[in-house]
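First listed ligand is number 1; within each ligand, the first listed atom is number 1.
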Amino acid sequence: MGKQDINKYKNIWVFAEQRHGKLMPVVVELVGEGRKLAKERNVELNAVLLGENIEEMTKELIAYGVQNVYTADHELLKNYTTDGYTKIISEAIHEYKPEIMLIGATHIGRDLAPRIASRVDTGLTADCTKLEIDPEDGKIKQTRPAFGGNIMATIVCPENRPQMSTVRPGVMDKADVDNSRKGNIVPLNFSIKKEDIRTEVLEIVKSDKEIVSLIDANFIISGGLGLQSPDGFDLLKQLAEKLDGVIGSSRAAVDKGWIDHSHQVGQTGVTVKPNIYFACGISGAIQHLAGMNQSDIIIAINKDPNAPIFSVADYGIVGDLFEVVPQIISQLDSVRG
Ligand SMILES: Cc1cc2nc3c(=O)[nH]c(=O)nc-3n(C[C@H](O)[C@H](O)[C@H](O)COP(=O)(O)OP(=O)(O)OC[C@H]3O[C@@H](n4cnc5c(N)ncnc54)[C@H](O)[C@@H]3O)c2cc1C
C-alpha cells in the first residue's frame with residue numbers, strides 16, 4: 001500500500017444502500033453506530049447515496065441524523081452494479097477523504113467494499129460485530145468473529161484511510177428518527193456512461209419464499225434438533241402467533257432440511273436482538289450464541305440442565321419442550337383472557 005497523509009482524512013461515512021428506492025434496514029443501524037463514533041471523534045457523520053430519484057431517501061437519512069448526504073442521482077445507478085458504484089464512491093473518497101467508511105455486510109455491501117478498498121488502497125475488515133474508537137490514538141478497533149466464530153479478532157488499519165468496515169446487519173443499535181434535524185444534500189461531481197459498467201442487469205427476481213424478518217422481530221421463537229422433526233416447528237408457530245413473533249432455528253435444524261436457511265440464527269445465519277428470544281431444544285453452541293446473545297431476554301427450554309444455552313439464558317426451564325411450550329401458550333391465553 002502506498003504512503004498516505006492520513007491527517008488529511010476526516011469524518012465518518014456510511015454507505016446508504018438502497019434497493020428499489022428504499023433504504024436497507026442496515027443503513028439505520030450504520031447511522032446509529034456512526035453517530036456514536038462521530039461523537040467520540042468529534043467529527044461529522046455523513047452518508048453516500050446512489051440511485052435514481054433519491055430525494056425522499058436523502059430526507060430520511062437527515063432525519064436519522066446524517067449531516068451531509070453525498071448523492072449521485074442517475075438512471076445508470078438505479079440498480080446496484082459493482083462497476084458503477086465502485087467508480088463513483090472511490091472518486092468521492094478521493095475528493096472528500098473520509099477517515100472511516102461503514103458499509104452494511106449485505107450481499108451488495110460485501111461485493112462493493114473490497115472493490116472500493118482496493119481502488120483507494122486501504123484496509124477493510126469484513127463482517128464486523130463491534131466497533132470502538134481507541135481513546136489513545138483515535139483509530140477504530142474493528143472486531144469480528146474469525147475461525148468459525150471460535151475467536152474474536154480485533155483489527156486496526158493504522159496507516160491507510162479510510163478505515164473501512166463492513167458491518168453485520170442486526171448487530172448495531174438503530175438511529176432514532178427526528179424530522180426536525182437539519183442536514184445538507186451535496187450532489188457529487190460525477191460522470192457515468194454505459195461503457196463504465198460491464199455488467200448488465202437483465203432482471204431482478206424476488207424470491208417467492210415467505211419473507212422472514214428476523215432482524216426486525218420483537219419476539220423470536222427458535223427451535224433446534226430438540227424439536228425431533230419438522231413438525232416440531234408447528235408447535236413453535238402456535239407460540240409465535242400468540243406473540244406476533246417470528247420463527248428462528250439452529251443450523252442443525254436447517255441442515256436436516258426441517259426449515260429454510262432464511263430462519264437460521266447464528267454466525268452463518270442472521271444476528272438478532274429481539275426483546276425476547278425463546279431457545280427451544282437448542283444446545284447453545286458458540287456459533288448459535290454468536291447470533292443471539294445480545295437479545296434483551298433469553299428464555300431457554302431444554303431437557304439437559306448442562307446445556308450451554310443456560311449460560312446465556314435469563315430464564316431457564318429444564319424440561320421437555322413438548323410439555324413446556326403448550327403450557328406457556330395456555331398461560332398466555334389465560335393471562336390475556
Ligand atoms: C463454521 C460453523 C458455523 C456454524 N454456524 C451456525 C449458525 O449460524 N447457527 C447455528 O445454530 N449453528 C451453527 N453451527 C453449528 C453449531 O456448532 C451446532 O452444531 C448447532 O447450533 C447445534 O444445533 P442444535 O442446538 O439445534 O442441536 P444440538 O446441539 O443437537 O442440540 C439439541 C438440544 O436439544 C435438547 N433436546 C432434545 N430433545 C429435547 C426436548 N424434547 N425438549 C427440550 N430439549 C430437548 C438437547 O438436550 C440438546 O441440548 C456452525 C458450526 C460451524 C462449524
Proximal atoms of ligand 1 relative to Q228 (non-hydrogen, under 4.0 Å): 38 (N), 39 (C), 41 (N)

Path from L102 to L124 over hydrophobic side-chain contacts below 4.5 Å: no

Nitrogen or oxygen atoms of A307 and ligand 1 under 3.5 Å apart: no

Nearest neighbour of atom 46 (C) of ligand 1 from the list D304, N302, I309, on a heavy-atom basis: N302

Electrostatic pair E75:K78 at N-O distance under 4.0 angstrom: no

Per-atom contacts, ligand 1 versus G224 - under 4.0 Å to a heavy atom: 26 (O)

Residues R181 and D176 bridged, charged N to O under 4.0 Å: yes

Closest candidate by heavy atom, reference atom 14 (N) of ligand 1, pool H261, M292, Q287: Q287

Q267 neighbourhood, listing ligand 1 atoms whose heavy-atom distance to it stays under 4.0 Å: 7 (C), 8 (O)

Heteroatom proximity flag, S249 to ligand 1, N/O under 3.5 Å: no

Sub-4.0 Å heavy-atom approach of V265 to ligand 1: yes

Atom indices of ligand 1 within 4.0 angstrom of S250 heavy atoms, with elements: 11 (O), 23 (O), 24 (P), 26 (O)

Contact with ligand 1 for G269, non-hydrogen, under 4.0 angstrom: yes

Name of the residue among K193, R119, R198 meeting salt bridge (charged side-chain N to carboxylate O under 4.0 Å, His left out) with D83: R198

Considering all heavy atoms, the nearest V26-P169 contact: CG2-CA, 3.8 Å

Option with minimal heavy-atom separation from atom 43 (C) of ligand 1, where the choices are E323, R251, H288, K303: K303

Side-chain heavy atoms of L235 within contact of P326, under 4.5 Å: yes

Numbering as shown, the atoms of ligand 1 that approach A285 to under 4.0 Å (heavy-atom distance): 16 (C), 17 (O), 18 (C), 21 (O)

Atom indices of ligand 1 within 4.0 angstrom of G226 heavy atoms, with elements: 32 (C), 34 (O), 36 (N), 37 (C), 38 (N), 39 (C), 40 (C), 41 (N), 45 (C)

Carboxylate-amine/guanidinium proximity below 4.0 Å for E241 and K237: no

Side-chain H-bond candidate by donor/acceptor type, Q264 with S249, under 3.5 Å: no

Numbered atoms and elements of ligand 1 in range of G319, under 4.0 angstrom, heavy atoms: 42 (N), 43 (C)

Under 3.5 Å: N/O of G281 near N/O of ligand 1: yes

Contact (N/O only, under 3.5 Å) between L321 and ligand 1: yes

contact_flag G223 ligand 1 heavy-atom lt 4.0 Å: no

Pair E17 + R19: basic N to acidic O under 4.0 Å: yes

T271 versus R168, side-chain donor and acceptor atoms under 3.5 Å: yes

Sidechain N-carboxylate O distance under 4.0 Å for R41, E99: yes

